[in-house]
Amino acid sequence: MQLREGFMMVLSTRLPLIVQCLLSLFVTTSLSAPIIITRETFKTCRRGAFNGVPADCCPPKFIQGPIVDFSPKYNPSKPLRVRKALQCLTGKELTIYTEKLQRGYALMRALPDDDPRSFKRQNEIHCAYGTGPFIQNASANLTLDIHLNWFFLPWHRMFIYFHEKILQTLLKDPNFTLHFWNFDSSVTLSTSERPGCFKAGHFFPPMYLDPSKSTFEPNRTYRAFEPSRPVDLSFDATQWNPLGGVPPVFPNYTLEEQVWRNGATMYKSVVSSSNASSFIGKPFRAGDVQIVDPTIAAGNSEKWPHISVHMWIGGLMYLAQTSPRDPIFYHLHANVERIWDLWHKLGDGRADPSDPDWLDAEFLIWDEKKVMRRVKVRNVLDIKTLGDTFENVNDASWICFQNSTSTTPSNCSSTKTSMYQSRGTE
Ligand code: C2O
């Protein structure tokens, strides 16, 4: 914002009006106001496109009923739901969770298409926000997108929050949680003294691979179906052109090489991102032209490992217009949320933007009772206020990676390792 304002000020003080007018045609006219989604935004929704593929996903043009402000209240006396690492669920807990998850998606898939909680409509709301069908304040021909800019993390948190609520409602279980696919954990650590999950989680979760179940999706690439192939987080999203249409190539690394590359990628994405602009993403305000290039405005939290995991799974996960139709989407994003939370805990200036154009941006999204809610970015910044927390896992395996060329990522001193591990549980 400062850069652009500075530039506009130079324009207005040094140049004659006519030259200013001409020049302003070539300068993004940011109003320095937050993006606000209204009933009008829904009314003016039109066809979008992403990766050259059209997106026909407008929600109903007329929002029925009231729009209710969402403001979570943290109640410290109420226990938080613990989102756990999928790879550490065992025995009865694993059986119960798998059954609930699969029943939840079966129920969601069975809802009629006009129910905003249906599996189809969950995909459509993400598509409408994420492929350009919504335009800014109706008259301007500016699209908006919750990808590739600073809205990536908070918008997806709202989406996952209400998605989790919908599953809870369908299952009649208010304690059901969307656990996380802990794909960043590649190192199993034997630990008896600390609570949490210290088992590597970089394989595709098996509960998504049963073709007879609602969590299955047949169009994933072969990679997801090879039980001993670790996910490749190191695909460089800056090489990915969303308009290019060509799926990326993933080389076949050995397990050891892959573990090393994944550690390096996580370190680059999270530890090396020392400020909001690099981790969260660049500003996107009312009046801004949407940038469809991950190298320009997307934060590292979006590029790595998030886009790499979407690409690695492939199939419906390639495109923003279809990715939430693969149920693994939600467990992937639960981990992205966890990594955001962890990034805050690393401290040293790693903090969310304080810019009101971010904090006061407003989005509309249906809740678990089919009521339209108005959610501001500032309402979703602390996962605790939404009732969830995360199980402690082996983040030290990559936090301590440093830029070591050793193939063993865990090269932290034991003090540093235990510091990060215990900070993870806060
Ligand atoms: Cu809206 Cu993982 O994407």
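Counting convention: from 1, in listed order, for ligands and their atoms alike.
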(Q) So that I can check it, does any N, O or S atom in His156 come closer than 2.8 Å to atom 2 (Cu) of ligand 1? (A) no

**Q.** Phe70 ring center near Phe162 ring center (under 6.0 Å)
**A.**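 Aromatic pair counts; centres sit under 6.0 Å.
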
Q) Ring centroid separation for Phe363 and Phe151, is it under 6.0 angstrom? A)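 Between Phe363 and Phe151, the centre distance is under 6.0 Å.
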
Q. Given Asp382 and Tyr74, is the side chain to side chain contact (heavy atoms under 4.5 Å, CB included) satisfied, shown in steps?
A. CA-CA 9 Å; Asp382 182 354; Tyr74 176 46; 5.9 Å; no

Q. Can you give the angle His310 NE2 - atom 2 (Cu) of ligand 1 - His333 NE2, rounded to 10°?
A. 120°

Q. Is His147 close enough to atom 1 (Cu) of ligand 1 to have an N, O or S atom under 2.8 Å?
A. yes

Q) When you measure from the side chain of Ser269 to the backbone N and O of Thr265, does any donor-acceptor pair fall under 3.5 Å? A)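 No.
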
